[in-house]
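Each remark here refers to the structure printed beneath this line.
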Amino acid sequence: MQNAAVAKIFNDIADYLELADDNPFKIRAYRRAAEAVATHSTPIEDAAEAGTLLEIEGLGQATAEKTQEFLATGQVRFLEKLRDEYPLSLLDLLHVPNLGPKKVKQLYRERGISSVEELQSALCKGELQGLAGFGPKTLQNLQQGLLRMAEMTKRLPLGDARRVAANLVVALNSSADRIEVAGSLRRGCDTIGNINLVAQTNDAPSLIETFTKLPGVLEVGEQTDCDASARLHTGIEVHLHCATPRDFGAALFHATGSTQHLAEANQQAAARGFELRCDGLYRNDEFVAGAPEADIFKALNVPFIEPELREGAGEWEAAASGVLPVLVSLADIRGDLHTHSTWSDGTVTIRQMATEMRERGYSYFAVTDHSKALVMANGLDAARLRAQAEEIAAVQADFPDLKILRGIECDILRDGTLDLDDDILHELDIVVASVHSAFTLDEASQTARMVRAIAHPAVDIIAHPTGRVLGVRPPYMVNVGALIEAARDSATALEINASERLDLRDTHAKSAREAGVLLAVDSDAHAPRMLPNMALGVITARRAWCESADVLNTKSLENLMQWLNRPQSKPL
DNA sequence: GCCGTTTTCGGCCCGACTGTTTTCAGTCG
């Protein structure tokens, strides 16, 4: 499957054209082509072979030919020519926050800066002082941008890490009896520093050799008889630990962590007269349990603690006193309350989305396109929103078992008022409200703004409440505690946005749940390929100790409709 | 560069914000 490789070609071309200050619509066309290829559900080489590339929306004559050329020769001459003009490392500079194509080009032309490292060095040495357009504030912003980028690129977002790990497991599966993902990835942390794998095998040396020779491996680190580390081309480090059938469960338990959870596990074991070693649970030097992992909990006479709870945050006490939550699972999710269509910036029609939702087995979903303030996303005003109602009704007629809720993702304006008038909001089945502007307000203003929106009687859900995008943007400054209080007082749900954000994050979601605030786990899908992200949101909800009843969209349609018509205690 | 049609050209993605200016360029969503 070459879709990702072809998409990268088009994105690189778009980056280069941006540097060259080319026609912005041409650049957009390449980005669209990249998106179209990346989200194409079958291998692009199949379409190329069948001669149906032009049938893919977003691909035209030029991009189809370049796709063919890449598949045939492994390169695209047009891109090679662009590469001759600018060094490859220049593209990395485009990803520095606060740095766009114009300034990247200026830095390259006037200071010879062609990489992130060179920019860092020039900033440190004060070499950019006096450069036109680079005043003190800009230099400070660049310094902060570099810091943010360094922090973000060190860790992989959960979704990306899961894909990398899944590929590794597939690649190694035939060489081992069994392979499991462990570490922070198994616990479902929002970002992952390194990937831990535990394998069951009787031939560790040969598995380790296979592992270190995988095509994605950039450099091999330390090795022992049963452990190996390697850095992948993507920069992420992978640890492989080999265990025997006898101690596989203990190895998985230890590799899963967290450090705090393991420290408490040792205390718990000791208190019961056991000793927890790397290869199993012992009593008086006698092996008691080592596999499966669940046997260790059984021997300690506590219920199994789900990996998402293993953070040393009270899970051992809860287990010992029999009050561990029955965590929400993906199977509990009955619908998706935050999705987009071609009416705003989604890639598929309401009908196509409905088909996807039915395939996922949902009983309902909400069409929540952007509101008019988000001009770039072609946000809807009241007139278009009313026109959309007709299309929803028409599609609904063909989907008797799937309720399509009429909704909006309404912008919360700078002063906390909503982007649309009350009369149109009250016509809708569901109102999701969120912030897409003025991220730099101070904490008090941002909090007041959002609290005002939360208290609005028409608002049902606050989407991505802290505004972060994993690996892209940190949260804005806001008092989450105050948001939770306001949400509780007005019976407003807070979202765990499952795509690219994981916002609310686990700890905040836990506080919300403890305060009695309902959480909505939503995909915020702009394309069908984003629907499976729901799993990431559910993992985050599990890390927040959520049971099914804590999550709004586990409700049956009937109960959901009842909740949407709830009386809100606080008037505006 | 893609797309749709009024069909081989013209429209497509625009406004807010910031920092640097002294009337606006660059970046971002």
Side-chain angles (χ1 to χ4, degrees), chain A residues 6-7 9-37 53-67 76 78-79 82 93-110 128-145 148-149 340 342 344-347 369-381 409 411-415 419 434-442 445-446 463-464 467-469 472-476 500-501 503 524 526:
Chain A
V6 174
I9 299 265
F10 291 146
N11 269 324
D12 282 356
I13 289 176
D15 281 347
Y16 275 124
L17 294 180
E18 214 150 3
L19 285 174
D21 202 14
D22 209 311
N23 178 356
F25 298 109
K26 191 202 272 193
I27 297 166
R28 234 169 89 83
Y30 274 110
R31 298 237 184 263
R32 275 195 68 201
E35 174 76 8
V37 173
L53 283 175
L54 286 175
E55 287 172 22
I56 299 171
E57 202 169 322
L59 286 191
Q61 203 62 45
T63 45
E65 277 171 17
K66 289 182 179 71
T67 303
V76 174
F78 183 63
L79 178 59
L82 291 168
L93 278 173
L94 286 172
H95 299 119
V96 177
N98 310 317
L99 198 55
K102 298 287 158 54
K103 282 195 151 73
V104 167
K105 198 157 98 176
Q106 188 189 357
L107 286 170
Y108 180 56
R109 288 273 157 80
E110 296 178 25
L128 299 184
Q129 315 239 334
L131 186 59
F134 288 76
K137 203 73 193 201
T138 299
L139 294 181
Q140 197 186 335
N141 286 343
L142 280 182
Q143 194 66 262
Q144 281 170 356
R148 255 172 59 195
M149 192 159 92
H340 296 270
T342 44
S344 63
D345 57 352
T347 64
D369 278 307
H370 290 288
S371 65
K372 64 184 193 311
L374 215 53
V375 179
M376 172 208 167
N378 193 23
L380 279 68
D381 59 13
E409 180 180 9
D411 256 52
I412 300 172
L413 305 180
R414 196 188 184 92
D415 62 356
D419 186 29
S434 63
V435 163
H436 293 104
S437 62
F439 295 118
T440 53
L441 291 182
D442 62 76
S445 312
Q446 194 69 275
H464 42 78
R468 75 171 182 172
V469 182
V472 177
R473 203 166 61 223
Y476 38 70
E500 295 156 5
R501 297 174 179 266
D503 176 17
D524 191 4
H526 286 67

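In the text below, chain A, chain B and the rest are named by the order of the sequence lines, each starting its count at 1. Only a predicted model underlies this, so the values are computations on that prediction, with no experimental measurement involved. Basis for what follows: all heavy atoms, side chains included, without hydrogens, waters or symmetry-related copies.
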Task: Over 12 foreign heavy atoms within 6.0 Å of CD, A:Glu57 - done: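 No, the 6.0 Å shell around CD holds no more than 12 heavy atoms from other groups.
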Task: Short side-chain N/O contact to B:dG29 OP1/OP2 from A:Arg473, under 4.0 Å - done: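 True: A:Arg473 side-chain N/O within range (under 4.0 Å) of B:dG29 OP1/OP2.
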Task: Any A:Arg28 side-chain N or O less than 4.0 Å from OP1/OP2 of B:dC13 - done: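 Yes, A:Arg28 has a side-chain N/O under 4.0 Å of OP1/OP2 on B:dC13.
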Please give, in whole Å, the distance from [N] [atom2] to [X] [atom1]?
X        : N      : atom1 : atom2 : answer
A:Leu131 : B:dT20 : CG    : P     : 12 Å
A:Gln106 : B:dT27 : CD    : C1'   : 14 Å
A:Tyr30  : B:dC3  : OH    : P     : 13 Å
A:Tyr16  : B:dG1  : OH    : P     : 18 Å
A:Ile27  : B:dC2  : CD1   : C1'   : 14 Å
A:Lys103 : B:dT21 : NZ    : P     : 10 Å
A:Glu18  : B:dT27 : CD    : C1'   : 10 Å
A:Asn98  : B:dC28 : CG    : P     : 6 Å

Indicate, with a heavy-atom threshold strictly under 4.0 Å, whether [X] touches base, sugar-phosphate, or nothing.
X        : value
A:Pro24  : nothing
A:Leu99  : sugar-phosphate
A:Leu374 : nothing
A:Phe25  : base

TODO: Name the residue closer to the 5' end of DNA chain B, choosing between A:Ile56 and A:Val96 according to the nucleotide with the nearest heavy atom.
DONE: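 So the residue in question is A:Ile56.
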TODO: Using the closest heavy atom to pick a nucleotide of DNA chain B for each, name whichever of A:Gly60 or A:Phe439 lands nearer the 5' end.
DONE: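 Its nearest nucleotide lies further toward 5', so the answer is A:Gly60.
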TODO: Over all heavy atoms of both residues, which pair between A:Gly145 and A:Pro97 is shortest? Give the atoms and the distance, please.
DONE: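 Reported closest heavy-atom pair: O-CD, 3.5 Å.
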Which whole number of Å gives the distance between the [atom1] atom of [N] and that of [M]?
N      : M      : atom1 : answer
B:dT8  : B:dC3  : C1'   : 12 Å
B:dT22 : B:dT18 : C1'   : 16 Å
B:dC12 : B:dT5  : C1'   : 14 Å
B:dG11 : B:dT6  : C1'   : 13 Å
B:dC2  : B:dT7  : C1'   : 14 Å
B:dT21 : B:dG26 : P     : 12 Å
B:dT27 : B:dT20 : P     : 13 Å

Open item on the list: The test is side chain to side chain contact (heavy atoms under 4.5 Å, CB included); show your working for A:Arg31 and A:Glu35 and say whether it passes.
Closed with: CA-CA 6 Å; A:Arg31 298 237 184 263; A:Glu35 174 76 8; over 6 Å; no
Task: Closest to the A:Asn23 side chain, choosing from B:dG29, B:dT27, B:dG1 - done: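 Taking heavy atoms from C-beta onward, the closest nucleotide is B:dG1.
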Show the distances under 3.5 angstrom between N or O atoms of the protein and N or O atoms of nucleotides 15-19 of chain B.
unit_1, atom_1, unit_2, atom_2, d
B:dC17, OP1, A:Arg414, NH1, 2.7
B:dT18, OP1, A:Thr440, OG1, 3.0
B:dG19, OP1, A:Asn141, ND2, 3.4
B:dG19, O3', A:Thr138, OG1, 3.1

- [ ] Show your working on side chain to side chain contact (heavy atoms under 4.5 Å, CB included) between A:Asp15 and A:Leu19 and close with a plain yes or no.
- [x] CA-CA 6 Å; A:Asp15 281 347; A:Leu19 285 174; over 6 Å; no
Open item on the list: List the residues meeting salt bridge (Lys or Arg N to Asp or Glu O under 4.0 Å) with A:Asp419, not counting sequence neighbours, and say none if there are none.
Closed with: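 Result, salt bridge (Lys or Arg N to Asp or Glu O under 4.0 Å) vs A:Asp419: A:Lys372.
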Open item on the list: Is there a side chain to side chain contact (heavy atoms under 4.5 Å, CB included) between A:Leu139 and A:Leu131? Walk through the geometry before answering.
Closed with: CA-CA 10 Å; A:Leu139 294 181; A:Leu131 186 59; over 6 Å; no
Task: Row check, A:Phe10 ring normal vs A:Lys66 NZ/CZ: under 6.0 Å, within 45° - done: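 Ring-cation test returns no.
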TODO: May I ask you to check whether A:Glu409 and A:His464 show a side-chain donor-acceptor distance below 3.5 Å?
DONE: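 Distance-only check passes for A:Glu409 and A:His464.
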Task: Counterpart residues, ring pair (Phe, Tyr, Trp, His ring centres under 6.0 Å), relative to A:His340 (two or more places apart) - done: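 Applying ring pair (Phe, Tyr, Trp, His ring centres under 6.0 Å) to A:His340 gives A:His338, A:His370, A:His526.
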Task: Identified pairing partner of B:dT8, criterion: Watson-Crick or G-U wobble below 3.5 Å - done: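 Base-paired to nothing in any strand shown.
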